[in-house]
Visitor: 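Structure below; questions to follow.
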Amino acid sequence: DGGITQSPKYLFRKEGQNVTLSCEQNLNHDAMYWYRQDPGQGLRLIYYSQIVNDFQKGDIAEGYSVSREKKESFPLTVTSAQKNPTAFYLCASSIGYRDSGYTFGSGTRLTVV
Amino acid sequence: EDKVVQSPLSLVVHEGDTVTLNCSYEVTNFRSLLWYKQEKKAPTFLFMLTSSGIEKKSGRLSSILDKKELSSILNITATQTGDSAIYLCAVTGANSKLTFGKGITLSVRP
């Protein structure tokens with residue numbers, strides 16, 4: 001079955017460390033997205049990629065970095081510059097950037113310890 | 001900047017009740033409004049409403065788009081405990097970016 005796989009489901013990070021969250025899709029979708037979800041805040045866009053080897057900053061990109069070397073993969077790195085990284089991170093994809101039909105992964109819960 | 005406001009932010013009902021969830025928006029060159037249900041992890045798609053499709057229904061769930069009032073409602077009739085979830089509203093506009101509201105937490109008590 002096609003879908004989006006995020007790993008790990010739970011991640012613990014020490015302060016000052018960089019961590020990378022994985023997002024893989026086998027839907028042959030061109031566009032991929034990373035969102036952050038905090039309680040009472042809804043989903044906020046971190047980065048998005050319309051096509052391989054291209055990505056754009058979203059609304060809250062500071063302290064994060066991404067790459068899009070393969071169509072199937074869009075990893076997110078949470079750097080030590082992100083001051084409040086504890087949150088639930090969701091990856092999504094769509095056929096094209098102008099397509100509203102998003103498919104979401106199951107998320108990664110990151111906790112700073 | 002595109003904006004989506006959902007209300008109420010949370011509500012508690014009993015099984016069998018009917019609920020109405022609200023979503024209002026400000027967006028440049030509106031294209032679509034989407035409703036998602038999020039139970040534990042991944043949001044799942046419910047409805048997409050556009051200028052050419054302002055009313056959708058699926059079982060006990062229905063949604064209407066009011067382009068004049070820049071708003072939408074999601075109705076759930078004969079609620080069940082399985083309807084307990086966060087309901088997310090999102091809109092797309094000229095920049096094709098999906099902008100989400102903060103979500104409505106619905107709790108259905110037996």
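Every chain is numbered from 1, with letters handed out A, B, ... down the list of sequences.
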Visitor: Clusters formed by hydrophobic residues whose side-chain heavy atoms approach within less than 4.5 Å: which one holds B:Ile64, and what are its other members?
Guide: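 Reading the cluster by chain and number, B:Ile64 sits alongside B:Ile73.
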
Visitor: Is there a path of hydrophobic side-chain contacts, each under 4.5 Å between heavy atoms of I, L, V, M, F, W or Y residues, that connects B:Leu49 with B:Leu46?
Guide: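 Shared cluster, yes.
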
Visitor: Only pairs under 3.5 Å, no angle test: what donor-acceptor pairs are there between chain B and chain A?
Guide:
from, atom 1, to, atom 2, distance (Å)
B:Arg31, NH1, A:Arg98, O, 3.4
B:Arg31, NH2, A:Arg98, O, 2.6
B:Ser32, OG, A:Ser100, OG, 3.0
B:Gln38, OE1, A:Gln37, NE2, 2.8
B:Gln38, NE2, A:Gln37, OE1, 2.9
B:Asn95, O, A:Tyr97, OH, 3.1
B:Ser96, OG, A:Arg98, NH1, 3.1
B:Lys97, NZ, A:Asp59, OD1, 2.9
B:Lys97, NZ, A:Asp59, OD2, 3.4
B:Leu98, O, A:Tyr35, OH, 3.3

Visitor: Please name all residues satisfying side-chain hydrogen bond (donor to acceptor under 3.5 Å, both in side chains) with B:Asp17, sequence neighbours left out, ordered by chain then number.
Guide: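 None.
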
Visitor: Under a 4.5 Å side-chain heavy-atom rule over Ile, Leu, Val, Met, Phe, Trp and Tyr, are A:Leu43 and A:Ile60 clustered together?
Guide: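 No; tracing contacts between hydrophobic side chains, which count when under 4.5 Å, never links both residues.
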
Visitor: Tell me every residue that passes side chain to side chain contact (heavy atoms under 4.5 Å, CB included) with B:Thr77, counting only those two or more places apart in sequence or in another chain.
Guide: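 Testing B:Thr77 for side chain to side chain contact (heavy atoms under 4.5 Å, CB included), a comparison that skips the adjacent residues, returns B:Thr18, B:Arg60.
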
Visitor: Would a hydrophobic clustering, with Ile, Leu, Val, Met, Phe, Trp and Tyr connected at side-chain separations under 4.5 Å, put B:Leu106 with B:Val4?
Guide: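 Shared cluster, yes.
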
Visitor: Same hydrophobic cluster for B:Leu33 and B:Met48, using side-chain heavy-atom links shorter than 4.5 Å among ILVMFWY?
Guide: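 No, separate clusters.
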
Visitor: By a 4.5 Å heavy-atom criterion (distance strictly below it), what part of B:Leu88 contacts chain A: side chain, backbone, both, or neither?
Guide: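 Side chain only.
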
Visitor: Mind listing the closest non-hydrogen atom pair of A:Leu90 and B:Pro43 along with its distance?
Guide: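 In terms of heavy atoms, the two residues are closest at CD1-CD, 3.9 Å.
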
